[in-house]
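Below you'll find the structure, written out as structure tokens, and then a few comments.
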Amino acid sequence: MLLHARITDRGGLGSLVESLLPWFGLFVPVLLAVALWRRSASAVAALLLPVTMWLNLFGGLLVDKSHPGGDLTVVSHNVSADNPDPAGTARDLAASGADLLALEEITPQARSGYEKALAKPYPYHTVLGTVGLWSRLPLSDTRPVDIETDYGPLAATKPADVKLAYNRALRATVTTDKGPLAVYVAHLGSVRVLPSSGFWTESRDRGAKALAEAVAAEPDQRTVLLGDLNGTTDDRAFAGLTARLRSAQETAGDGFGFSWPATFPVARIDQILVRGVRPDSSWVLPATGSDHLPVAARISW
């Protein structure tokens with residue numbers, strides 16, 4: 001836990017360790033049981049080091065840091081390409097009271113279902129490829145964000161309309177009564193555990209770097225990033241983003257806010273990151289038909 005940043009990332013080892021870093025605390029009660037079984041006072045005393053380190057890293061997440069208020073409620077949800085009930089998921093998300101609703105992994109077959117179910121509560125929306133943003137407030141300057149889903153010499157040869165079909169990130173301006181808000185919606189590449197290469201994160205890491213560059217170039221200081229980043233904020237791959245944006249869950253949440261997998265969440269890979277606005281609260285919504293849980297936050301100026 002103390003030296004996780006020094007662990008080699010060969011085969012994705014460092015990234016994998018950092019994704020599961022909070023769970024290293026489970027070793028403490030195991031070691032305590034062994035120390036008590038051996039009746040070793042020195043071993044029990046030695047456990048103060050990992051306990052202190054774990055509390056230093058994650059103790060703040062155990063305290064409820066939320067407080068009342070907030071100008072906007074934002075929700076992000078990977079709705080899953082295999083979702084058996086898109087309309088039901090849309091109704092559940094609309095019932096959350098979100099002012100801004102970001103959806104990732106929208107399939108062409110399910111798109112019309114989401115648009116129909118969300119049309120009344122959200123008069124403004126944009127869908128670019130597999131990601132979309134629904135809003136109660138006017139949207140403008142919507143455009144895809146290149147997170148280098150296509151990579152290599154053939155990437156530049158593909159027409160824009162072909163790339164748009166599987167686009168995985170967008171940027172839009174939301175007009176609020178307190179000024180414009182830049183909103184990014186992103187779904188970074190998946191990670192895989194492969195026998196040949198270990199914890200494979202190449203596509204995700206490439207996308208994270210490109211997304212960080214887009215945020216760095218964003219002229220609007222009031223910025224919100226919503227999306228499935230396929231990684232936790234402890235992961236070194238997101239250093240470029242976390243250097244510029246702060247996590248709503250870490251700033252104003254209660255607990256770890258794990259979002260994946262929905263049946264037994266072990267990691268928060270669905271993120272709400274902000275700058276120029278204040279997170280007032282952050283929480284996880286109930287399960288839908290997706291394998292991810294929706295995440296929500298209240299923000300204010």
Transitive ILVMFWY cluster of Leu49, excluding itself - 4.5 Å side-chain cut-off: none

Do Leu20 and Leu31 sit in one hydrophobic cluster, given that two such residues count as connected whenever their side-chain heavy atoms are within less than 4.5 Å of each other, even indirectly? no

Answer yes or no: is there a donor N or O on one side and an acceptor on the other, between the side chain of Thr251 and the main chain of Ala248, under 3.5 Å? no

Let me check something: do Leu241 and Val295 share a hydrophobic cluster, defined by ILVMFWY side-chain heavy atoms less than 4.5 Å apart, either directly or through other members? no

Within-4.5 Å side-chain heavy-atom neighbours: Val277 and Trp301: yes

Any side-chain to backbone donor/acceptor pair from Trp54 onto Pro22? Under 3.5 Å, distance only. yes

Which residues share a salt bridge (charged side-chain N to carboxylate O under 4.0 Å, His left out) with Arg204, sequence neighbours left out: Asp235

Under 4.0 Å between a side-chain nitrogen and a carboxylate oxygen: does that hold for Arg206 and Glu202? yes

Under a plain distance cut-off of 3.5 Å, with no hydrogens placed, do Asp92 and Thr288 share a side-chain donor-acceptor pair? no

Write down the atom of Pro123, the atom of Arg136, and the distance for their closest heavy-atom approach. CD-CA, 4.1 Å

Distance-only donor-acceptor check, side chains Ser80 and Asp82, under 3.5 Å: no

Do Asp71 and Ile299 come close enough that some side-chain heavy atom pair is under 4.5 Å? no

Measure from the side-chain N and O atoms of Arg39 to the backbone N and O of Ala35, and report whether any donor-acceptor pair falls under 3.5 Å. no

Linked hydrophobic residues, Ile269 as query - side chain contacts closer than 4.5 Å: Trp260

Does a side chain donor of either Thr233 or Gln271 reach within less than 3.5 Å of an acceptor in the other side chain? no

Pro180 versus Asp220, closest heavy-atom pair with distance: O-OD2, 3.3 Å

Give the intermediate values and the outcome of side chain to side chain donor-acceptor pair (under 3.5 Å) for residues Ser76 and Glu104. CA-CA 8 Å; Ser76 177; Glu104 303 90 45; 3.0 Å; yes

Between Gln249 (side chain) and Gly255 (backbone), is there a donor-acceptor pair under 3.5 Å? yes

Spacing of Arg246 atom CZ and Arg275 atom CZ [to the nearest 0.5 Å]: 12.5 Å

Contacts satisfying ring-ring contact (aromatic ring centres under 6.0 Å, His included) that involve residues 99-143 (not counting sequence neighbours) are His125-Trp134

Compare every heavy atom of Arg236 with every heavy atom of Asp9, then report the nearest pair and how far apart it is. CB-NH1, 3.9 Å

State, to 0.1 Å, how close Pro294 and Val75 come at their nearest heavy-atom pair, and which atoms those are. CB-CG1, 4.4 Å

Using side chain to side chain contact (heavy atoms under 4.5 Å, CB included), reason through Phe256 and Phe58 one step at a time and then give a plain yes or no. CA-CA 9 Å; Phe256 290 94; Phe58 304 111; 4.0 Å; yes

Check whether the side chains of Thr73 and Arg298 place a donor and an acceptor atom closer than 3.5 Å, and report yes or no. yes

For a quick test of reading the model, state the closest non-hydrogen atom pair linking Thr89 to Val79 and the distance between them. CG2-CG1, 4.1 Å

Is there a path of hydrophobic side-chain contacts, each under 4.5 Å between heavy atoms of I/L/V/M/F/W/Y residues, joining Leu225 to Leu188? yes

Determine whether Leu229 and His187 make a side-chain contact, defined as any pair of heavy atoms from C-beta on separated by less than 4.5 Å. no

Any side-chain heavy-atom pair of Leu139 and Val174 under 4.5 Å: yes

What's the verdict on side chain to side chain donor-acceptor pair (under 3.5 Å) for Arg171 and Thr173, showing C-alpha distance, side-chain angles and the deciding distance? CA-CA 7 Å; Arg171 186 262 185 213; Thr173 297; 2.4 Å; yes

To which residues is Tyr166 joined in a hydrophobic cluster, defined by side-chain heavy-atom contacts under 4.5 Å among Ile, Leu, Val, Met, Phe, Trp and Tyr, whether direct or through other members? Val162

Under 4.5 Å between side-chain heavy atoms, hopping through other hydrophobics if needed: is there a path connecting Val215 to Phe238? yes

What I want to find out is whether Glu105 reaches Arg168 closely enough, with some N-O distance under 4.0 Å, to be called a salt bridge. no

Side chain Lys65, main chain Val63, donor-acceptor under 3.5 Å: yes

Taking the side chain as C-beta and beyond, is there a heavy-atom pair between Leu181 and Leu72 under 4.5 Å? yes

Evaluate the side-chain proximity of Val224 to Leu273: yes if any heavy-atom separation is below 4.5 Å, no if none is. no

What heavy-atom pair brings Leu48 and Thr52 nearest, and what distance separates the two atoms? O-OG1, 2.6 Å

Let's go through Trp23 and Val266 carefully: what are the C-alpha distance in whole Å and the side-chain angles of both, what is the deciding distance for side chain to side chain contact (heavy atoms under 4.5 Å, CB included) to 0.1 Å, and is it a yes or a no? CA-CA 8 Å; Trp23 293 96; Val266 299; 4.0 Å; yes

For Ser300 and Asp280: C-alpha separation, side-chain torsions, deciding distance, then whether side chain to side chain donor-acceptor pair (under 3.5 Å) applies. CA-CA 7 Å; Ser300 60; Asp280 293 300; 2.7 Å; yes

Could you identify which residues cluster with Trp200, counting Ile, Leu, Val, Met, Phe, Trp and Tyr as linked when any side-chain heavy atoms lie under 4.5 Å apart, either directly or through a chain of such contacts? Leu194

Hydrophobic clustering (ILVMFWY, side-chain heavy atoms < 4.5 Å, transitive) - are Val51 and Leu62 grouped together? yes

List the steps, then state whether side chain to side chain contact (heavy atoms under 4.5 Å, CB included) holds for Leu128 with Val185. CA-CA 10 Å; Leu128 297 177; Val185 181; over 6 Å; no

Candidates Thr130, Asp270, Asp228 - the one meeting side-chain hydrogen bond (donor to acceptor under 3.5 Å, both in side chains) with Asn78: Asp228

Dump the intermediate steps for side chain to side chain contact (heavy atoms under 4.5 Å, CB included) on Leu137 and Thr175, then the final yes or no. CA-CA 6 Å; Leu137 302 170; Thr175 301; 5.7 Å; no

Ion pair present between Arg143 and Asp141, side-chain N to carboxylate O less than 4.0 angstrom? yes

Side-chain donor/acceptor of Ser135 to backbone N/O of Pro138, under 3.5 Å: no

Given side chains that start at C-beta, do those of His292 and Pro261 come closer than 4.5 Å, heavy atoms only? no

Can you confirm whether Lys209 is buried at NZ, in the sense that more than 12 heavy atoms of other residues, nucleotides or ligands lie under 6.0 Å from that atom? no

Evaluate the ring planes of Phe27 and Phe24, with Trp represented by its six-membered ring, and classify them as parallel (under 30°), tilted (30 to 60°) or perpendicular (over 60°). tilted

Establish, from distance only, whether the side-chain atoms of Arg6 and Thr8 form a donor-acceptor pair under 3.5 Å. no

Could you tell me if the side chain of Pro144 sits less than 4.5 Å from the side chain of Leu170, heavy atoms only? no

Arg268 side chain vs Gly257 backbone, donor-acceptor pair below 3.5 Å: yes

